[in-house]
J.: 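The structure that follows is given in the form of structure tokens.
Basis for what follows: all heavy atoms, side chains included, without hydrogens, waters or symmetry-related copies. For ligands, and for the atoms within them, numbers begin at 1 and follow the listed sequence. The shown structure was predicted, so the numbers you read here are calculated from the model rather than taken from an experiment. For reference, positions follow the sequence shown, starting with 1.
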Amino acid sequence: MKFDVLTLFPTIFQSLDESIIGKAKERGLIEINLVNIRDFSKDKHKKVDDTPYGGGAGMVMKPDVVYDAYLSVKDKNAKVIYLTPQGKVLKQDKVKELAKNEHLILLCGHYEGIDQRVLDEIVDEEISIGDYVLTGGEIPAMVLIDSVSRYVEGVLNEESIKEESFSDNLLEYPQYTRPEEFRGKKVPEVLISGHHENIEKWRKEQSLQITKIKRPDLLK
Ligand code: ADE
């Protein structure tokens, strides 16, 4: 799966070189191509933004510069996603759906936003990662890349995907590892019983219980 990221701050994405996503990149399961929007400025000062028509605070990213950055990666089979608090809030079902694409182009805004005309021209879908405002779309783009990449074949083992939180709309059961006793607290007996049926039953009950307490909205 390929991600092209249009951003003014490509170095923010360095953390994707670590851990599971880093390994997936190394193994060629996913490709993350960072495109610096500033490289497409025709201005001798490499200007990428300007003051808003009509006045007001902050700066607006210029449509021509963003458009040229887009043209450098354009692919009629790719979906273009703009990360914005105005978008549809990202949920696990959406993550799974996005993972079916071969190529996503992620557009990250900064400052007061991007000229509406280029958004109207190139964006297929707007996505938000939650009802709060960040300084730019870079962290949301990383959230999207991380969550979607987990569904790319080979990135995780199949079992982790089946058993994770939100599968069947339930949260995950609690996990334990050695030592068997920690600060006076023992690992639940059933987990050391070796009785697989009972373990599975206990885990299902725990998932249901935890979801009822922490996220009752998921059960509706
Ligand atoms: N840009 C700024 N805040 C955002 C959010 N919550 N989701 C997506 N993009 C954003």
J.: With respect to I129, which candidate in L144, L134, V89 satisfies the side chain to side chain contact (heavy atoms under 4.5 Å, CB included) definition?
T.: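 Among the candidates, only L134 passes.
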J.: Does F166 belong to the same Ile/Leu/Val/Met/Phe/Trp/Tyr cluster as I20, with side-chain heavy atoms less than 4.5 Å apart forming each link?
T.: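 In one cluster with F166: I20, no.
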J.: Enumerate the protein residues lying less than 4.0 Å from ligand 1, judged by heavy-atom distances, in chain and residue-number order.
T.: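 Its neighbours under 4.0 Å (heavy atoms only) are L83, T84, P85, I127, S128, I129, G130, Y132, V133, L134, G136, P140, given by chain and number.
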J.: With a 4.0 Å cut-off on N to O distance, would you call E200 and R203 a salt bridge?
T.: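 So E200 does not pair with R203 through a salt bridge.
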J.: Start with the C-alpha gap between R215 and D217, add the side-chain angles, then the distance that decides, and say whether salt bridge (charged side-chain N to carboxylate O under 4.0 Å, His left out) holds.
T.: CA-CA 5 Å; R215 293 290 307 274; D217 56 299; 2.9 Å; yes
J.: Taking 4.0 angstrom as the limit, do K62 and D43 come out as a salt bridge?
T.: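 Looking at D43 together with K62, the answer is no, because their closest N to O distance does not fall below 4.0 Å.
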J.: Start with the C-alpha distance between E205 and K201, add both sets of side-chain angles, then the distance that settles salt bridge (charged side-chain N to carboxylate O under 4.0 Å, His left out), and finish with yes or no.
T.: CA-CA 6 Å; E205 286 163 4; K201 189 164 161 263; 3.7 Å; yes
